[in-house]
Amino acid sequence: GNLSKEDEATISEMLTKRFQAKKDRHFRTADEIREHLRTTYNVAIDDKNREWHVDTDEYISAGQHDFLPDQVAVITELLQERFACKATKDYDRADDIRNQLREEFNVEVDDRTKEWRYIPMDDASYEERLFRKEAASSQASAFKRTQVDRDLKEELDSVFAEDDNEDSDDDQREAASYSVSEENTEDSLSTLTVVELKEKLRNAGLPVTGKKSELIERLLNASFHP
């Protein structure tokens, strides 16, 4: 991104403050810092890999495909529209575009690595199946992402015959922490389906009518104003 050295220094300082806030279990403060970084510098944070990057609508193709140039242009346009929808909190349309890419092109999207890949419905290779799981993980809430990553790790362990019981215990503790800290943040709620959002609202005794963006706003308001 077009960040100055002063911007990078400020971002680094805020990331340090966010890390300390999470360590001290001041999760609301951590969420506020993340939101400020996103809205001010367009910075996306990958907690799993301890990385951050300036988010853009540019996705690159991974793997092989037989798409014609005009088909690639359509895929690129859809990815850019989906990015814009997420930025404006039009999550219903963003989900529709993701589903359209799957159904019409057999394309999976990894929001963490900013990649898209053609994956055949049948006879997908091991590498393609891993990409599909990693793509699902990149679009999940923090708690769900831990679960998907654990499934992915188990599959890798079965291939390389590794014994990783201690890491599994760490994953469980991390999942428990994330379920408390980020379950009801805007980013995590946007990855849920309308059915899942309505279930949360029912459990909270709140109305379940409205569009996806309205359901998310209702849950966020309930979280910040109990």
Side-chain angles (χ1 to χ4, degrees), residues 14 18 21-22 24-48 55 57 78-104 107-112 132-151 171-226:
M14 295 186 71
R18 180 173 181 268
K22 292 182 69 175
D24 296 337
R25 302 186 69 79
H26 297 156
F27 301 121
R28 182 169 296 181
T29 298
D31 289 345
E32 290 172 350
I33 293 173
R34 180 181 59 187
E35 180 64 18
H36 178 75
L37 286 170
R38 184 175 65 175
T39 57
T40 305
Y41 300 101
N42 206 24
V43 162
I45 301 173
D46 182 352
D47 283 322
K48 179 179 182 295
D55 207 5
D57 62 359
L78 287 171
L79 288 169
Q80 292 173 342
E81 182 184 353
R82 178 173 175 268
F83 181 88
C85 288
K86 292 176 68 177
T88 58
K89 303 179 184 180
D90 188 356
Y91 302 119
D92 291 309
R93 176 58 184 156
D95 288 349
D96 289 342
I97 294 172
R98 179 196 58 198
N99 295 337
Q100 181 181 353
L101 287 166
R102 286 175 178 167
E103 294 167 5
E104 294 186 13
V107 161
E108 294 290 343
V109 182
D110 191 326
D111 288 326
R112 183 184 295 161
R132 181 183 286 141
K133 288 190 176 183
E134 289 169 350
S137 173
S138 75
Q139 297 169 16
S141 65
F143 179 66
K144 286 188 175 182
R145 187 161 58 244
T146 303
Q147 293 177 312
V148 173
D149 287 341
R150 189 182 304 125
D151 291 341
D171 284 346
Q172 291 174 1
R173 286 192 292 271
E174 182 183 358
S177 171
Y178 272 127
S179 67
V180 173
S181 65
E182 298 186 343
E183 184 178 5
N184 273 0
T185 64
E186 184 175 326
D187 283 346
S188 63
L189 291 174
S190 68
T191 65
L192 301 180
T193 65
V194 171
V195 173
E196 290 170 327
L197 289 169
K198 288 185 176 181
E199 182 64 25
K200 277 181 170 289
L201 288 165
R202 289 192 188 93
N203 292 338
L206 297 170
V208 298
T209 58
K211 297 181 178 179
K212 184 174 182 178
S213 57
E214 295 171 336
L215 304 182
I216 291 173
E217 183 177 1
R218 196 171 299 146
L219 283 167
L220 289 172
N221 287 337
S223 297
F224 284 93
H225 303 287

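This structure is a prediction, so every number in the text was calculated from the model and none was measured.
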Examine distances only and state if a side-chain atom of K212 and a backbone atom of L192 form a donor-acceptor pair shorter than 3.5 Å. yes
For L215 against T209, the heavy-atom pair lying closest together: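 Heavy-atom minimum between the residues: CD2-O, 3.4 Å.
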For E108 and A135, work out which heavy atoms get closest and say how close. CB-CB, 4.3 Å
Indicate yes or no: does R34 engage D31 in a salt bridge with an N to O separation below 4.0 Å.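 Salt bridge between R34 and D31, a charged N being under 4.0 Å from a carboxylate O: yes.
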Does a side-chain N-to-carboxylate-O contact under 4.0 Å join E35 and R38? yes
Return yes when atom CD of E217 has more than 12 non-hydrogen atoms of other residues, nucleotides or ligands closer than 6.0 Å, and no otherwise.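 Not more than 12 within 6.0 Å, no.
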Spacing of [X] atom [atom1] and [Y] atom [atom2] [to the nearest 0.5 Å]:
X    : Y    : atom1 : atom2 : value
L201 : R218 : CG    : CZ    : 6.0 Å
D24  : K22  : CG    : NZ    : 12.5 Å
L219 : N203 : CG    : CG    : 10.0 Å
T40  : I33  : OG1   : CD1   : 12.0 Å
E104 : L78  : CD    : CG    : 7.5 Å
L101 : L79  : CG    : CG    : 5.5 Å

Do I45 and R18 pass the side-chain contact (heavy atoms from CB on, under 4.5 Å) test, and can you show the C-alpha distance, the side-chain angles, and the key distance before you say yes or no? CA-CA 11 Å; I45 301 173; R18 180 173 181 268; 3.8 Å; yes
Can you confirm whether V43 sits close enough to M14 that some side-chain heavy atom of one is under 4.5 Å from a side-chain heavy atom of the other?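 No; the side chains remain at least 4.5 Å from each other.
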Name the residue from D96, D111, D92 that meets the salt bridge (Lys or Arg N to Asp or Glu O under 4.0 Å) definition with R82. D111
Given L189 and K200, is the side-chain contact (heavy atoms from CB on, under 4.5 Å) satisfied, shown in steps? CA-CA 10 Å; L189 291 174; K200 277 181 170 289; 4.0 Å; yes
